[in-house]
Amino acid sequence: MSRQIMSVVGGKEAASTATYDSTNPARPGEVVARVGLADAATFAAACRTAAEAQREWAKVPAPVRGRVIASIGRLVEANAEALARLVTEEIGKPYAEALGEVREIVDTCDFFLGEGRRLYGQTVPSEMPDKNLFTFRNPVGVAAVITAGNFPVAVPSWYLVPALLCGNAVVWKPAEYAAASAHAMFQLFTAAGLPDGVLNVLFADGAETFAGLERALGEGTVHKVGFTGSSEVGRRIGELTGRHMQSACLELGGKNPMVIMPDADLDLAAEGALFSGFGTAGQRCTSLGTAIVHESVHDAFVERLVRALAAATVGDPTGDVLAGPLLDRKFADRYEEYLTWIQPHHTVVSGPVGRITKDNPRGGFDGGEGLYYHPVVVDGVRPGDRLFMEETFGPIVGVTTFATLDEAVELANLPGYGLSSSIYTSDARSAFRFREGVSAGMVSVNNSTSGAEAHLPFGGNGKSGNGSRQSGMWVLDQFTRWQAMNWDHSGQLQKAQMDVAEIVPDLDFRLAETRLP
Ligand code: UN1
């Protein structure tokens with residue numbers, strides 16, 4: 001029997017107006033959870049509940065909130081295998097990667113549990129005597145967090161953990177197709193003792209969520225929006241929050257370039273391209289988009305990548321495989337559309353294309369009913385091709401060539417995204433020139449485009465985001481607002497810039513001339 005899952009608002013199950021079946025993409029006939037979907041009114045009501053609960057939560061001393069984060073980390077650690085198995089079952093992420101994803105929640109908790117004892121403000125000297133200046137970080141209020149399902153628990157933790165630590169309440173809207181994983185994570189968070197209403201989980205479709213968010217922003221019950229998903233939806237959320245004088249934390253798509261210089265270790269580069277292009281079936285926002293290869297090593301690199309890919313296993317994600325199925329039917333359909341972007345001037349160098357079936361098997365693997373697809377390497381992509389310019393979420397990597405590093409940087413930036421990037425070289429000058437020129441928020445040297453660590457700033461520019469950064473100390477600026485305080489204890493009105501003591505210099509002073517012998 002599959003699970004029944006409902007939204008939880010203020011500690012109670014909230015009404016649903018529709019249902020959604022979250023299925024196992026390796027066996028789409030299997031329902032992992034039947035999910036009750038809420039409507040826009042319920043979303044707005046959840047934000048009001050959160051706003052109410054936030055007032056008390058903000059009064060809990062930050063070090064005590066830090067202890068709650070510590071407990072969340074322990075609970076996630078103690079339930080790591082169960083949570084990872086659920087992630088594998090629900091979105092088809094290979095189990096080893098799912099365990100890594102769960103580990104990332106623990107890493108995030110480890111970082112922020114100590115932040116409860118820091119959350120530093122400053123004491124600042126005043127320009128006048130008997131006056132003191134201070135800065136404080138205040139929680140923003142309620143954060144509405146809308147997340148994708150390709151990282152159904154790790155990426156949400158990047159928002160939830162710091163938001164809660166900073167004294168905010170949260171309304172979390174996870175992806176429907178990853179609802180069971182999200183609900184399990186929600187249970188672990190509440191088991192740590194969060195008061196009712198401080199963290200609320202709300203399942204809803206995109207249209208109801210958007211309408212609910214619009215209403216809540218109008219009612220003044222949402223003060224920060226966090227969104228991970230497509231550039232298209234991110235743009236709409238950015239517009240909406242902009243109208244309400246807010247700037248959302250947007251983590252959007254990527255067309256992540258990998259530059260391979262003539263002095264690169266080509267075996268290492270092929271291994272990195274394999275993992276970042278086809279691990280997670282190419283469904284990370286940091287997945288490799290286009291390999292930009294120096295013309296002198298193009299053939300040698302492509303030959304290595306194709307060989308490595310042929311030896312890699314696509315299959316049952318509970319086993320030891322490079323890639324499992326695509327996340328969900330919606331993603332499989334979209335991926336099939338990306339395959340139509342392959343043009344006559346392209347060369348598919350990897351073998352068969354499309355869904356893995358009995359008639360189109362991958363070696364001995366016929367995919368059964370699962371949403372499995374052949375990994376594809378397309379050589380000869382050019383600027384202007386859709387395959388070169390647009391994100392193609394799924395197992396497809398383009399290859400193009402360049403002659404000079406300047407040209408490589410230009411090609412890397414051309415699609416207008418800016419999330420992740422990578423360069424393989426043995427020359428420090430090339431690595432730093434690339435770092436300086438590339439538009440991405442993340443740069444890897446001799447490493448793949450994916451695999452950010454949980455305590456570095458994560459986020460993009462251009463079509464990948466509005467410059468907001470998650471993770472580490474940088475995310476504190478998303479979930480707190482600086483408040484400046486001045487305290488004058490002189491007993492008189494001292495006017496800034498006017499009642500300031502002046503020390504008069506002699507600016508005409510010059511050293512006496514000395515002559516060299
Ligand atoms: C995402 O796909 O939304 O760096 C994030 C990485 C992961 C995060 C990916 N740690 O690949």
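No hydrogens, no waters, no symmetry mates; every other heavy atom, side chains included, goes into these values. Numbering of ligands and ligand atoms starts at 1, following listing order.
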Does ligand 1 have any atom sitting under 4.0 Å from a heavy atom of E101?
-> no
Min N/O separation N150 to ligand 1 under 3.5 Å | yes
In the protein, what heavy atom is nearest to atom 9 (C) of ligand 1, and what distance, to one decimal place, separates them?
-> F151 CE1, 3.5 Å
Is any N or O atom of C285, backbone or side chain, closer than 3.5 Å to an N or O atom of ligand 1?
-> yes
Should the ring pair H455 and F111 be called parallel, tilted or perpendicular, given that the plane angle runs from 0 to 90° and is split at 30 and 60?
-> parallel
Charged tip of R284 within 45° of F151 ring normal and under 6.0 Å | no
Between E101 and K93, is there a side-chain N and carboxylate O pair less than 4.0 Å apart?
-> yes
Where does the angle between the aromatic ring planes of Y335 and Y338 fall among parallel (under 30°), tilted (30 to 60°) and perpendicular (over 60°)?
-> perpendicular
Taking NZ, NE, NH1 and NH2 as the nitrogens, is one of them in D427 or R429 under 4.0 Å from a carboxylate oxygen of the other?
-> yes
Run the salt-bridge test on E77 and R103 with the 4.0 Å N-O cut-off and return the result as yes or no.
-> yes
Protein residue, atom and distance nearest to atom 6 (C) of ligand 1, heavy-atom basis = G451 N, 3.2 Å
Would you mind running through ligand 1 and noting each atom that sits below 4.0 Å from a heavy atom of E104?
-> 10 (N)
Between S450 and ligand 1, is there a nitrogen or oxygen pair with a distance under 3.5 Å?
-> no
Of T228, L456, T286, the residue with the heavy atom nearest atom 11 (O) of ligand 1 is T286
Does W158 approach ligand 1 within less than 4.0 angstrom via side chain, backbone, both or neither, non-hydrogen atoms only?
-> side chain
If you scan protein heavy atoms around atom 4 (O) of ligand 1, the nearest is A452 N, 2.6 Å
Quick check: does F458 get an N/O under 3.5 Å from an N/O on ligand 1?
-> no
State whether F301 and R304 meet the cation-pi test: NZ (Lys) or CZ (Arg) under 6.0 Å from the six-membered ring centroid, and within 45° of the perpendicular axis.
-> no
Could you tell me whether R433 and E436 have a side-chain N and a carboxylate O separated by less than 4.0 Å?
-> no
Does at least one non-hydrogen atom of E453 fall below 4.0 angstrom from an atom of ligand 1?
-> no
Quick one: do E30 and R27 make a salt bridge, cutoff under 4.0 Å?
-> yes
Residue E251 vicinity, atoms of ligand 1 by number, heavy atom under 4.0 Å = 3 (O)
